[in-house]
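This structure is in structure tokens; I'll ask about it shortly.
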Amino acid sequence: MNSENTAQTEGPTAYPSAAPLEFRHVGKRYPGADGAAIEDLSFEVPAGEICVLVGPSGCGKTTAMRLVNRMIDLSSGEILLDGRSVNDRKPAELRREIGYVIQQIGLFPHQTIAQNIATVPKLLGWDKRRIAARVTELLELVGLPAEMGARYPSQLSGGQRQRVGVARALAADPPLMLMDEPFGAIDPINRERLQDEFLRLQREIRKTIVFVTHDIDEAIKMGDRIAIMREGGRLAQYATPDELLAAPADEFVAKFVGADRGLKRLTLSHLGDIELTDGVVVKVGDPAEEARRRAADHGVEEVVVLDGGEKPLGRLPVARLNGQPVSADDADPLAAIGGRSTSLRDALSLVVADRNRPLVVVEDDGRLAGLVSLELISDALRPPG
Amino acid sequence: MAFALPLAQSDPVIPEFGRGSSCVRDPDALFCWGWVKDNWSDTLQPALLQHIALTLIAIGIGSAIAFSLALTAHRRGWLTTPVVVVTGFLYTIPSLALFQLLVPFTGLTRTTAEIALVSYTLLILFRNMLAGLAAVPAEVRDAAIGMGMTARQLLWKVELPLALPAIFAGLRIAVVTVISLATIAVFVVNEGLGAPIYNGLQQTFSTELIAAGGLCVLLALFSDALLVLLQRAISPWARVARR
Amino acid sequence: MGAGGTTMNDFTDAFRFIGDNVSLLWHLTLDHLALTGAAMAIALVVALPLGVWLGHLHRGSFVAINISNIGRALPSLALIAFGVALLGIGFVNVMVALVVLAIPPMLTNAYVAVDGVDPDAVEAAQGMGMTPTEVLLRVELPLALPLIFAGVRTAVVYVIATATLAPLAGASSLGNVIVDQATYRLPGVLGAAICVAVLALVAELSFALLQRAVTPRGLRAGRRDGEEAVPPPGEGRRVLVRYANS
């Protein structure tokens, strides 16, 4: 289709697998309207990253997204996809190389799932065999059984339709995807699952993605970068989630991210990211005397009991040592155990629930990794630099 | 012509009852199968075929006009009201009157009959086509454009297929209506099932009008059923169970 | 016929006929209206209570909705012919045929109107302690009235149109002139056809205005000119019926 892109040979299309996107002083003004819908919007999204546009309703985030594939035409400035202004492209042609997912998904009710997914490849004139192969591949990629291809959209659940929407947007392997509140109509439990699934998928496909949401928690979870927009279509702050939470640019951003932004930041780090303390450990069968001495050395009143394989069995208050060798029966069982992938926020919650006692953290194989205390977690919250 | 073979005509002429059937002996009977059998090939069957032809032509032309009007009005909304007013006006005029009012223009011809019949299909077909196109969900349209469909592709690949059930609903009403109204065409042109019905009304022998009237009702019901089956065949997605 | 001048003359003659025969046409119009009125009165008494009652109970949807399809398939000429065959000729025969034609659109609309009243409104009314009769009279009927009325309007125009065929079965109406070309010639036929068309249009318009008047104000905003667009079968909760006028 695109003679300009014939040099590209990778992937199922002639497109590069991901392309950088840049907004340069973009403005949108509707005739007859008082203010601008979008005002001097500038930011860059590096190839392969997720940029989340977030803000209160009416801030122009969806408008900004729709300027990219020219569903709306901009009034001033320019938008560059892979270094080339979208205004130089024919709208239909441009849209075929940009994946498009909207909240209501908009599957075609009169076409089967397979036909839906094949929409853009068909528009691009792929041959039948290649389309069929691509459809099978995509169904698998989004975790749907192949036989679902023969069904109609009305026969699918909301979550399944959402997956089909993503597969359809990915069909021609576009270098850029636009997603407008793609998980907005899904119940909270399934939304979380779909978000996780999508992040896992993105690690594989590495697309450049513009993601619109009004939910700051979703923005923090999904975004490599977040553009917070405010009424009048102005950019309030453009930063990574961590920067945004640690150093909001102004009152508006601080208010929008919420007073609990410290806690939100904790969701961004995991126990694997921080240095754990070793804690005081004893093994089953160690003499009571030695256990007591170690506790005294570190000034603690409890030790962690490990079995022969270094797996934690419980906590043992020093006062309970009675001269016999250390036994698992004397120890209090652990209320909770953390892992390397546990977020700091969850770790904090577990520590607080366990009367501020340090949380025991294990490796994937169950061996003790260390302990995390309240102090460690609050240290992690200190602003960077 | 009447003098062609006056002497060779040996059979007695019994014009009122058709070719000497058993009914001649029992003219008061409500219905006589023998008459139907005897007159099928020279009266009823030709009338039925003419009736079908009248209907098909009216529906064909009516669909073409309504379709182009609906497609235009779909893009230019202001057109809807004037079209509905004009076609609604035509629709309200009683058919016997409309057929007669056309006579000064097109005479006692089949054209007159077709113009009147077409004018009765327009409102039904136009409204249903437009309603079907308008009922395409906004997000479906948005997704189609967002994926790079041109206006033409959007219309032919998405909007029209989705409007099919509504279009067929209109088609069914239009077909049944035209089959029914085509009987009135007998007042301007001696064609269709209206002719034997009208003929039957002029005599005390009732078999002819009952047979022709019954055929007309059967034709309407059969066409309606046929359209239902056709619609199901071309819109399989409308049938699947919804979760 | 066909040439512009003759066409003009035909219509000029038609209007002259109307002017010369005011008294005849007036009497035939009264006959026409008497036939229409009698048939409508009987059909109303049969169709409306039945449709409203079925709709209130949400029962009999198959019959109530399909009766109008069957009604539409019945050619009025054939129906009058059947009437002649079964009942002989005269006012009563034609009236019975007209009643049969008027019932389906009114029955279906009344059913659909009451059946389709917003269930939330009905539930709220029950929740506030209304008896079934009170729910019907105070909630369902007022909300259903515009649609019920649309059915009556359809039937009236349909019956006026069909009454034109009355002379074929020995009853009197404006059709007397139209079907008797031998006596009245083309100007007479055209003149009477104009009268019938005007009568139908006047009935349609006045009933459209009446329908507006009976529509509760809260329902008026946002309704697209009050009518139909027959939805696809199966989605047909608000099927409205209209008939071409034979």
Side-chain angles (χ1 to χ4, degrees), chain A residues 1 62 65-66 68-72 89-113 115-124 150-161 164-165 168-172 174 177-181 185, chain B residues 67 70-71 74-78 128-172 227-243:
Chain A
M1 286 293 289
T62 298
M65 186 201 83
R66 289 164 70 89
V68 176
N69 64 350
R70 298 192 56 188
M71 295 296 276
I72 303 174
R89 309 286 306 275
K90 281 189 194 146
E93 209 174 274
L94 172 76
R95 291 174 192 146
R96 288 171 196 178
E97 51 185 270
I98 297 178
Y100 189 61
V101 185
I102 53 178
Q103 182 182 338
Q104 310 87 339
I105 309 169
L107 293 182
F108 301 148
H110 61 300
Q111 295 185 346
T112 63
I113 299 307
Q115 288 168 331
N116 263 285
I117 295 176
T119 305
V120 179
K122 255 188 235 161
L123 290 175
L124 292 172
R151 303 238 183 113
Y152 286 99
S154 61
Q155 298 170 296
L156 268 56
S157 70
Q160 289 169 329
R161 274 183 236 178
V164 175
R168 185 172 70 168
L170 282 171
M177 298 249 286
L178 304 179
M179 307 180 82
D180 188 3
E181 308 229 12
Chain B
F67 193 63
L71 285 189
H74 180 53
R75 281 200 210 135
R76 298 169 220 280
W78 58 264
N128 276 273
M129 279 176 190
L130 202 60
L133 290 174
V136 173
E139 69 267 16
V140 170
R141 207 171 274 142
D142 187 66
I145 298 170
M147 284 189 292
M149 285 195 184
T150 59
R152 182 180 295 251
Q153 285 166 330
L154 174 70
L155 178 67
W156 289 97
K157 295 189 174 190
V158 177
E159 292 180 318
L160 277 178
L162 283 176
L164 270 184
I167 293 175
F168 261 86
L171 207 54
R172 285 173 58 192
L227 283 171
V228 170
L229 291 179
L230 192 61
Q231 184 207 327
R232 286 197 186 166
I234 61 176
S235 53
W237 49 274
R239 257 181 313 155
V240 297
R242 269 156 211 276
R243 279 236 204 139

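First the proteins, then the strands, lettered A, B, ... as listed; each starts at 1.
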Next on the checklist: To the nearest 0.5 Å, what is the distance between NZ on Lys157(B) and NZ on Lys122(A)?
Outcome noted: 7.0 Å

Next on the checklist: Testing the basics here: between Ile105(A) and Ala143(B), what is the closest heavy-atom pair and its distance to 0.1 Å?
Outcome noted: O-CB, 3.9 Å

Item to check | Reported CD-to-CD distance for the pair Glu139(B) and Gln103(A), which is rounded to 0.5 angstrom | outcome: 10.0 Å

Checklist outcome for this item: Looking only at Ile102(A), Thr112(A), Leu178(A), most heavy-atom pairs under 4.5 Å shared with chain B are made by Ile102(A)

Item to check | Minimum heavy-atom distance between Leu123(A) and Gln153(B), given as atom pair plus value | outcome: CD2-NE2, 3.4 Å

Checklist entry - What's the spacing between Met147(B) CE and Arg96(A) CZ if we round to 0.5 Å? => result 11.0 Å

Item to check | Interatomic spacing from CD1 in Ile145(B) to OH in Tyr100(A) - rounded to 0.5 Å | outcome: 8.5 Å

Item to check | Side chain, backbone, both or neither of Ala144(B) within contact of chain A (heavy atoms, under 4.5 Å) | outcome: both

Next on the checklist: Which atoms of Arg70(A) are under 4.5 Å from chain B, going by heavy atoms: the side chain, the backbone, both sets, or neither?
Outcome noted: neither

Checklist entry - By a 4.5 Å heavy-atom criterion (distance strictly below it), what part of Pro109(A) contacts chain B: side chain, backbone, both, or neither? => result both

Checklist entry - With respect to Trp237(B), which candidate in Gln155(A), Arg151(A), Gln111(A), His110(A) satisfies the side chain to side chain contact (heavy atoms under 4.5 Å, CB included) definition? => result His110(A)

Next on the checklist: With a 4.5 angstrom heavy-atom cut-off, is it the side chain or the backbone of Leu107(A) that approaches chain B, or both, or neither?
Outcome noted: backbone

